Amino acid sequence: GFLMLGLIVFSCAVFTVDETEQVIVTRFGEVQSVETNPGLYFKAPFNVDQVTKYEKRALRIDAPVERMLDVNLNILEIDVYARYRIIDAVDFRKTLNTEENARRVLGQKINAALRAEIADSAQKTVIHTAEYCALLSESSVLFVLYEYVPSLIPHVEMLKCRFHHE
C-alpha cells in the first residue's frame, strides 16, 4: 500500500524537460522556476505546481493572406510568414501566453505593418523587386514586433512574402 502511494506521489512530482523545450513551473499562478536544460525535475505533486512547456526552436507565424492596396490603389494579395524564437518564457507567458495566441496576435501585427508599408509603395516596386521582402524585414514590420514584445522576439529570422496579382 505505501509503496503504491509512494509511486503515485513520485509520478505526480516528476517532470521531464526535452532539449527542445523550456518549462515554467507555477504554483497558484506564480512562477516558481524556469527550466531550460534537458533533464528530470521535481515539483509539488497533485497539481499544486503546474508545468507549462514552450518550444525553444524557431516557431513559424503564418499570417493570413490579405488583399492590400498599394499607393496607386492596385489590389495586391499578400501571403507572409515569419519565424521567431521564445527567448524569455516568463515574458512570453505574460504577453502572449500560448503559441497559438502568439500566431494569431503576431500574424495580425505583421499584416497591419505590411499594409502600411505596401500602401506607400507602387505595385511594380512590390512585385518586381526581389529584395522587397528583405527591405520589409528591416522596416516597420520588425519595429511593430519589437514594440509589442521587446524582450520576447529579438529578431525575425525570416520574413518572406509571396505576391499574387490579378
Side-chain angles (χ1 to χ4, degrees), residues 1-68 77-117 133-134 136-164:
F2 285 117
L3 181 61
M4 185 61 110
L5 181 62
L7 282 173
I8 292 172
V9 170
F10 180 77
S11 68
C12 292
V14 173
F15 67 95
T16 59
V17 177
D18 185 84
E19 62 193 23
T20 63
E21 299 172 325
Q22 49 191 321
V23 172
I24 296 177
V25 178
T26 57
R27 181 173 298 150
F28 307 117
E30 295 295 321
V31 175
Q32 298 299 304
S33 66
V34 178
E35 307 300 344
T36 58
N37 295 319
L40 189 64
Y41 293 90
F42 295 95
K43 65 178 185 76
F46 306 117
N47 291 331
V48 172
D49 285 353
Q50 297 290 319
V51 172
T52 306
K53 296 182 177 191
Y54 294 109
E55 191 66 53
K56 266 190 193 175
R57 297 175 290 190
L59 297 167
R60 180 176 166 137
I61 301 168
D62 281 305
V65 176
E66 283 203 23
R67 291 176 176 248
M68 300 178 191
E77 196 170 283
I78 308 296
D79 182 13
V80 65
Y81 73 89
R83 294 190 186 275
Y84 71 97
R85 286 185 204 281
I86 300 169
I87 59 165
D88 183 338
V90 174
D91 196 32
F92 182 86
R93 181 175 171 267
K94 288 178 192 171
T95 310
L96 295 165
N97 196 25
T98 65
E99 291 169 14
E100 180 60 38
N101 191 48
R103 280 190 292 276
R104 183 183 59 75
V105 171
L106 297 177
Q108 291 170 354
K109 299 276 184 196
I110 288 169
N111 271 348
L114 273 172
R115 191 175 301 107
E117 197 72 26
C133 290
L136 286 174
S137 67
E138 295 169 4
S139 68
S140 62
V141 176
L142 279 182
F143 178 75
V144 167
L145 294 181
Y146 291 144
E147 190 175 72
Y148 189 68
V149 280
S151 63
L152 173 66
I153 303 172
H155 66 282
V156 173
E157 293 181 345
M158 183 185 314
L159 180 62
K160 181 176 181 186
C161 309
R162 291 183 294 275
F163 300 102
H164 309 281

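Sequential numbering from 1 along the given sequence is applied to the chain's residues. Below, each value reflects all heavy atoms present in this structure, side chains not excepted, and no hydrogens, waters or symmetry copies. Since we're looking at a predicted model, the values are computed, not measured.
Residues Leu106 and Leu96 form a side-chain contact, since some pair of their non-hydrogen atoms from C-beta on lies under 4.5 Å apart. Contact annotation: the side chain of Val17 never approaches that of Asn37 to less than 4.5 Å [non-hydrogen atoms, C-beta and beyond]. At a threshold of 4.5 Å between non-hydrogen side-chain atoms, the residues Lys53 and Asp18 do not count as touching. Using a 4.5 Å cut-off on side-chain heavy atoms (C-beta onward), Tyr41 and Val23 make no contact. A heavy-atom distance below 4.5 Å is found between the side chains of Val14 and Phe42.
Put simply, the side chain of Ser11 gets close to the backbone of Ile8: a donor and an acceptor are under 3.5 Å apart. A distance-only check finds a donor-acceptor pair linking the side chain of Gln22 to the backbone of Glu55 [under 3.5 Å]. Not one N or O on the side chain of Tyr54 forms a donor-acceptor pair closer than 3.5 Å with the backbone of Ile87. In this structure, the side chain of Lys43 does not engage the main chain of Thr26 through any donor-acceptor pair within 3.5 Å.
A distance of 10.5 Å separates CG of Asn111 from CD1 of Ile61, quoted to the nearest 0.5 Å. Remark: Ile24 CD1 to Glu35 CD distance equals 10.5 Å, nearest 0.5 Å. The distance from atom CD of Gln108 to atom CZ of Arg115, rounded to the nearest 0.5 Å, is 10.0 Å.
Closest of all the heavy-atom pairs between Tyr84 and Glu99 is OH-O, 4.4 Å. Taking every heavy atom of both residues into account, Glu21 and Lys56 meet most closely at O-CE, 3.1 Å. Closest approach of Val34 and Val31 over heavy atoms only: CG2-CG1, 4.3 Å. Listed here is the closest heavy atom pair of Arg93 and Gly29: NH2-O, 3.2 Å. Contact detail for Asp49 and Ala44: the closest heavy-atom pair is OD2-N, 2.9 Å.
For Thr52, there are no side-chain hydrogen bond (donor to acceptor under 3.5 Å, both in side chains) partners, not counting sequence neighbours.
Contact check on Arg27 versus Glu30 returns no salt bridge, with no Lys/Arg side-chain nitrogen under 4.0 Å from an Asp/Glu carboxylate oxygen.
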Mind running side chain to side chain contact (heavy atoms under 4.5 Å, CB included) on Asn97 and Phe92 for me, showing each step along the way? CA-CA 6 Å; Asn97 196 25; Phe92 182 86; over 6 Å; no
